[in-house]
Enquirer: 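The structure's right below; bear with me while I get my questions together.
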Number of protein chains: 2
Amino acid sequence: MAKIQGKRNSTKKEVIIEKASRLFREKGFGAASMRDLAEHVGVEAASLYNHIQSKSEILQTICFKVANEFMTNLEAVEASNQSTLKKMEAIIRLHIRMMLDQYEFVYIADHEWRHLPEPYLSNFLNQRRNYRKRLGDILEEGIGKGEIKAIDPYVAVLVILSAISGIDSWQRSRKSTSAEALESNMVKYLIEGLKK
Amino acid sequence: MAKIQGKRNSTKKEVIIEKASRLFREKGFGAASMRDLAEHVGVEAASLYNHIQSKSEILQTICFKVANEFMTNLEAVEASNQSTLKKMEAIIRLHIRMMLDQYEFVYIADHEWRHLPEPYLSNFLNQRRNYRKRLGDILEEGIGKGEIKAIDPYVAVLVILSAISGIDSWQRSRKSTSAEALESNMVKYLIEGLKK
DNA sequence: ATAAAATGCTAACGACTGTTAGCCAATTAT
DNA sequence: ATAATTGGCTAACAGTCGTTAGCATTTTAT
């Protein structure tokens, strides 16, 4: 049975996935070994397999957890009755926040999905394509209604998502740019390019 | 002696690096094996070592080749007498072009630098920090002269570079967006956010 | 033609990979 | 108290990794 861990309010499987996310980001999925991971969890490598089925399963869990979270949020935004600009701002802000406080997970979903085994790889890429398509549709609708500038929606989505995912190279140590300032400045830049 | 290859106007070392760049991008540095690479070059794994010294050396060559190319261009732009907007546009266009026609190399310098061994890793990161700093200085000067909008230069650099590096997820197959259209649309979006 | 250098090959080393088997102790359920 | 389950351990497997040694062949220089 999956019981509650003593210290924290999380199962050991969750601890494993959390530690793994850090390791996968630092070394890359291929270069991170199960023995490495085991050491960080405080256990022998073989013992990991009492909680997970394979190394790939960890990657799958992380990637689809992130994908589902973004997708759920997108659906909420789509169903809302805001203006196009407000919708885009909501999405942009969510992406930035996710990047800031679920950094490891988002990073892996962004950069290590290549190592997903089939059929999960195709599945993941389909979801991603679908997500971007629907973001583009929001922009296109906004253009049709004359709410935003007539920019190529595909390029705009590319720019917005890539810009945010680039926060991974942000130097958290810099005092000059706090998380809040980063978010507001980035929103400003990205939204400004959409306004008429 | 490093002699000229029969077919092409390139040494075998260059062929190895070219094939490796493709492989490193597809599988990641850690997951790409020398035996894999050897097969693509048409040779046994051990024979590679007649032309290179190690797997890491290939990564180093690629990363610093790209870094030097960008740095050289930046110096030319800095020395020029253009307006801030023109300077930024020149830099943006170069980045996009590099991304489009030296895709594999740029991708690796962007994503696989983590696997550089010390002291090359520190060296590379220093160069990158320096590059971004100087891009930020160009923007700051433009703001001081009142040529562009008073945006946070650090964030602007982050957005611009990240947006361009995100072209790696661009679907070349899409007929709807040619390389030229992509470039002009992207420049438009990114430059627009800088204008007053 | 002969020497020298470059480049290929096979075989192998030692280290490391993800994962499984089998056993034992601790915890939980009856 | 006893049985059942969970989760830890050690040992090991079969495979792959980057790399080196030693030898053979081809190409270049003299």
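Values below: all heavy atoms of this structure, side chains included; hydrogens, waters and symmetry mates excluded. Treat the numbers as computed from the prediction; the structure is a model and nothing was measured. A note on names: the letters A, B, ... follow the listed sequences, proteins ahead of strands, and every chain is numbered from 1.
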Enquirer: Picking from A/Glu180, A/Glu183, A/Glu69, what satisfies salt bridge (charged side-chain N to carboxylate O under 4.0 Å, His left out) with A/Arg97?
Expert: A/Glu183
Enquirer: Can any side-chain N or O of A/Ser122 pair as donor or acceptor with the backbone N or O of A/Pro119 at less than 3.5 Å?
Expert: no
Enquirer: Can you list every pair that meets ring-ring contact (aromatic ring centres under 6.0 Å, His included) and has a residue in residues 25-45 of chain B, with sequence neighbours left out?
Expert: B/Phe24-B/Phe29, B/Phe29-B/His115
Enquirer: A/Arg22 vs A/Glu18, test: salt bridge (charged side-chain N to carboxylate O under 4.0 Å, His left out). Steps then yes/no.
Expert: CA-CA 7 Å; A/Arg22 173 82 179 271; A/Glu18 190 188 308; over 6 Å; no
Enquirer: Apply ring pair (Phe, Tyr, Trp, His ring centres under 6.0 Å) to B/Tyr131 and B/His95, showing your working.
Expert: CA-CA 13 Å; B/Tyr131 186 84; B/His95 273 262; 5.8 Å; yes
Enquirer: Tell me whether the side-chain N/O atoms of A/Ser47 come closer than 4.0 Å to OP1 or OP2 in D/dG7.
Expert: no
Enquirer: Could you check how far CD of A/Glu44 sits from C1' of D/dA12, rounded to whole Å?
Expert: 14 Å
Enquirer: What does nucleotides 11-23 of chain C look like as a protein-contact string, B for base, S for sugar-phosphate only, - for none, at under 4.0 angstrom between heavy atoms?
Expert: BB----BBBB---
Enquirer: Respond yes when some side-chain nitrogen or oxygen of B/His51 is under 4.0 Å from OP1 or OP2 of C/dA6, and no when none is.
Expert: no
Enquirer: Under a plain distance cut-off of 3.5 Å, with no hydrogens placed, do B/Ser169 and A/Arg132 share a side-chain donor-acceptor pair?
Expert: yes
Enquirer: Could you pull out the protein-nucleic contacts involving nucleotides 24-26 of chain C (nitrogen or oxygen on both sides, under 3.5 Å)?
Expert:
none

Enquirer: Using a cut-off of strictly less than 4.0 Å, decide whether A/Lys12 has a side-chain nitrogen or oxygen near OP1 or OP2 of D/dG8.
Expert: yes
